[in-house]
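Heads up: the structure comes next, in structure tokens.
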Amino acid sequence: MSPKSSITRRLLRRVGPIAAALGLILTIPVVQSAAAAPSVTLHASPSGAGGTCSASAPCSLSGAQKAVRAHLAGKRSAGVTVLLAGGDYRLSKTWSLEPRDSGTPESPVVWRAAPGARPVISGATQVTGWTQSGSSGVWSARVPKNSDSRQLYVDGRKAPIAQGTPASLGFRGSWTGTPTGYTISGDPAAMEWFGSLTAKQVAGVEFGYPGGNGPWTDSRCRVASFTPASSTLTMSQPCWTNVTDRATYSQASGGLPSMSRNTMPARIENAQALIGAGQWFLDGPGRTLYYKPSEGQEMSALDVELPHLETLVEGAGTLAAPIHDITFSGLQFSHATWNAPSTGAGFSDVQSNLRMTAANNQGMCEFSNPAGSCPWGSLTQPLANVSFTASKNITLTGNRFTHLGGAGLGVMYGADNTLIQGNEFTDIASTALLLGCTYDPLPTNPADAAGIKQNCTPNGAKETATIGTNEILTGTTVADNVIHHIGTDYPSASGITLLFSQHTTITRNNLYDLPYTGITAGVIQGHVNQATTPQNTTNINSSNTISNNILHDYLSVRSDGGAVYVEGHQAEYVYEADGTTIDPVRTLAKGLQVTGNVAYNGPTTNFTYYNDAGSEWINWEGNIAFRAGDKSHGGCSPTGHFWVTGNYFSAGIESYPCAKPVDTHASGNTTIPANPRPADLPNAVLRAAGAGSGSFTPVLSAPAKIAYVSPTANATEVLVAGEGFGPATPVYIGTTRVDDVTYLNSGFMIVPIPAGTSAAQISLTPKLPGSFRLNDDDGAISYSGYSYAGGRSYGDHQGDIHYATANGSTASLTFTGTKVTVFGEQNTDQGDIGISIDGGPQQVVSTVPSDGQRHANVPVFTSDSLSSGRHTIVVTKLSGQYSTLDGFLV
């Protein structure tokens, strides 16, 4: 037994025997399979051939796999390592791993990057042979037959597909919704635009509805046809019905709202006529890709990657014969797409990228009218571009998952003892990590076996074993990973989505720059459970832990989520001797442990640590939340049995505005400022959190950055929070490097400062005297009504902006200087901003471009005649759909 932490000891004194049971499980070590020294080393390279697989004569990837299989077949007890040279391994088909590719616990099969190499497992075609198409600045190139992709990557960045807004196209917006689509007779510009397209072109147009099915959603549907005679747009099915006419259900504790049929799309995409600078369009049947270079891009010099695979790597066995004992280390998985949202089912978003693809009552069980499919919440989940099912002892360490069109990595059916450690997940269209399956809340129910085989594993047709507890995802460890800039196409994505599982440990990860929730556990699982109906549905979740993670700058696009968001049953019940009374000590010991996490910069958060619909048996202990939005802890219609102890929260706790839980126990919590100083937070909790705080150093390609600086007024030291810090990370005040910095971990430092220092002066690179640029995420800027958007591809300063949609939203900065410039974006969906300095009269500035084109990271206002000293500038949104701020130059 591990020694109990001081936090645990305090909990023992407060809640007695229940905490005593918890002390047995609060520390869960990362366990890796023991590996003997490999007896055979093979070599592969992108240009490899033949079967020698030596350092001087390497094989191709498929050739190396054949050599591994031959070695294993002849010498089952001997291990084998394949060293991959650097370069792009362009797959023509999915890299499939089967039971015959497996090693042993003592000698796993290892696929590893050669020393100093970066091998890229790619599912893309590099597009060349570009020619200019007419005089519009658009270029075209031939692509392989049957090309189909929702993503394109240009010089290592995802390029936006051809798109516009109703405003940019001059649409009036007087559309009337119908059960099949829209009548647009009252919008002459829309009639003309759709009338100019061929039937095939119309059928490719996609509408986007951010917030249409709740503020946490972003649904998409394609247009099926346009009939000029009746002025009707017919939408694709079943997407349109699933978005606008969802079934209602009884005893709901969480809603699945329908979108009004009269809702105009906010985005119009995937029409060649919409191509703007930096955008693309694929004519798959015509085998032609179109691209319009951005300013400064030379087409002949661009690396253009068009994904043609949806699944890069698929490791799948069966319950009787799992794949096992395989390690992947130092590889990069890139350039795969996910085309299902382009079908008639579209992307009917429900929550966390789970969606309806069948009937409009999918997953509602007997609670909908008419009754829906069972089990409860059996929604369709995203495709994972790398996936493992029916597996044991799979290890992924030090890899990069990037430029992917679905979920990054999925681990589902029958997976046991999977280790996911020290990887980086970034630039991913959906969620980074998808753990579990929506169809298996009770896999021991024989009636659910067919659905589990069909939806939870690609090898369902081969499965002969009886499905039961052997199918449960168990023993998964997710540690020391860095997850950022995900949900790039589907912004309702969470960083990590945990569905049904047992003995899952999610610990010491860094998650940031997220469009929605950081970590979700049990999404949709409790939507008919609450204090009054706690047992309408049940599941197999047990003994899972979310601990010591750093989560910040989440909910930058969507809302109604949190840093850690939980729904549904989270414990295997343990009964007392009478067989009917739940033993609270042992049941809570099997509940969800949310401990030692640090969350900040969630200004629009409802609840940083969120007990939502039907959630129960959760221990919230020793967590930190600051700059945390409305409440640090609470939820809507949970079931209950919560312990909230020893936390450090800047906002309220136990807030349950919808319906109260059965019980909740709070004690020993400390209220901290919204902008805490070093003395306000326990160093021990900070040191123990985040990637690399243990003994494993994660992969990281993103540069170090500062996300928060504590108040500098009357301070001799400040807390600096961010990403990518190390013991040797330099910190500067202006041009002077700071000595005696206290490095806590990859996300926190304590920096001594001289009197008069401002937060804007503190940086990781020298700031030249005279003037300095503040990015929009600088802690010196105060926002009201603005939201954060990161990872955009328009050329923003440091790849991000803050934006507002409500008039009256403000951004303010207090600075010392004689000149200030406001940076933002000019686009047709924007309007006027008002700017005042030191409380003076407001000057009105238009951010609508005269040429009708988007211009990012441009100065929209400058005042260069200020008196020497301190000033305050306030930027106010006055009109337009959006207002953007990309920082200041002082």
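Predicted model, so just to flag it, every value in this text is computed and none were measured. For the single chain, residues carry numbers from 1 onward in sequence order.
Using a 3.5 Å distance cut-off with no hydrogens or angles, the side chains of T507 and S547 do pair a donor with an acceptor. Using a 3.5 Å distance cut-off with no hydrogens or angles, the side chains of S559 and T604 do not pair a donor with an acceptor. Side-chain contact check for E654 and Y656: no donor-acceptor pair (N or O, by modelled atom type) lies under 3.5 Å. Using modelled atom types and a 3.5 Å distance limit, the side chains of N601 and Y512 yield no donor-acceptor pair. Side-chain contact of Y610 with D560: a donor-acceptor pair under 3.5 Å is present, judged by distance alone. Side-chain contact check for T872 and T814: at least one donor-acceptor pair (N or O, by modelled atom type) lies under 3.5 Å.
Side-chain contact between I618 and N611: present, with at least one pair of heavy atoms (C-beta onward) separated by less than 4.5 Å. Taking the side chain as every heavy atom from C-beta outward, S492 and V557 never approach each other to under 4.5 Å. Counting heavy atoms from C-beta on, the side chains of V478 and I496 come closer than 4.5 Å. At a threshold of 4.5 Å between non-hydrogen side-chain atoms, the residues L433 and F401 do not count as touching. Proximity of F725 to L764: side-chain heavy atoms (C-beta onward) are separated by under 4.5 Å at one or more points. Residues L686 and L719 form a side-chain contact, since some pair of their non-hydrogen atoms from C-beta on lies under 4.5 Å apart. In this structure, I733 and P754 have side chains that are in contact, with non-hydrogen atoms separated by less than 4.5 Å. Counting only heavy atoms from C-beta outward, the side chains of N509 and I519 never approach each other to under 4.5 Å.
Taking CD of E424 as the start and CG of N510 as the end, the distance is 11.0 Å to the nearest 0.5 Å. Here the straight-line distance linking atom CZ of F626 with atom OH of Y648 works out to 14.0 Å at 0.5 Å rounding. Rounded to the nearest 0.5 Å, atoms NE2 (H871) and OG1 (T816) are 8.0 Å apart. Interatomic distance, CD of E717 versus OG1 of T712, reported as 13.0 Å (0.5 Å rounding). Atom OG1 in T735 sits 10.0 Å away from atom CD in Q761 (nearest 0.5 Å). Once rounded to the nearest 0.5 Å, the distance linking OG of S494 with CH2 of W216 reads 13.0 Å.
Between A704 and G724 the shortest heavy-atom distance is CB-O, 3.7 Å.
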_Full working for ring pair (Phe, Tyr, Trp, His ring centres under 6.0 Å) between F823 and H797_ = CA-CA 9 Å; F823 281 80; H797 183 61; 7.7 Å; no

*Evaluate the criterion side-chain contact (heavy atoms from CB on, under 4.5 Å) for residue pair I833 and F861; output intermediate values, then yes/no.*
CA-CA 10 Å; I833 57 174; F861 172 83; 5.6 Å; no

*Can L681 and I624 be said to form a side-chain contact (heavy atoms from CB on, under 4.5 Å), step by step?*
CA-CA 8 Å; L681 301 176; I624 292 174; 3.9 Å; yes

*Check the pair V890, L813 against side-chain contact (heavy atoms from CB on, under 4.5 Å), reporting the backbone distance first and the verdict last.*
CA-CA 10 Å; V890 175; L813 170 71; 4.0 Å; yes

*asked:* Pair S501, T476 - check side-chain contact (heavy atoms from CB on, under 4.5 Å), show working.
replied: CA-CA 9 Å; S501 74; T476 305; over 6 Å; no

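Under the side chain to side chain donor-acceptor pair (under 3.5 Å) rule, N619 has a single partner from H665, H641, Q570, Q593, which is Q593.
Panel note: side chain R677, backbone P711; a donor-acceptor pair is recorded below 3.5 Å.
Between Y609 and H633, the distance separating the two ring centers is not shorter than 6.0 angstrom. The aromatic ring centroids of H552 and Y708 lie 6.0 Å or more from each other.
Counting non-hydrogen atoms of other residues, nucleotides and ligands closer than 6.0 Å to CG of D864 gives a total above 12.
Classified by interplanar angle (parallel below 30°, tilted 30° to 60°, perpendicular above 60°), the ring pair Y882/Y803 is perpendicular.
Classification of K705 and D513 as a salt-bridged pair holds, one side-chain N sitting under 4.0 Å from a carboxylate O.
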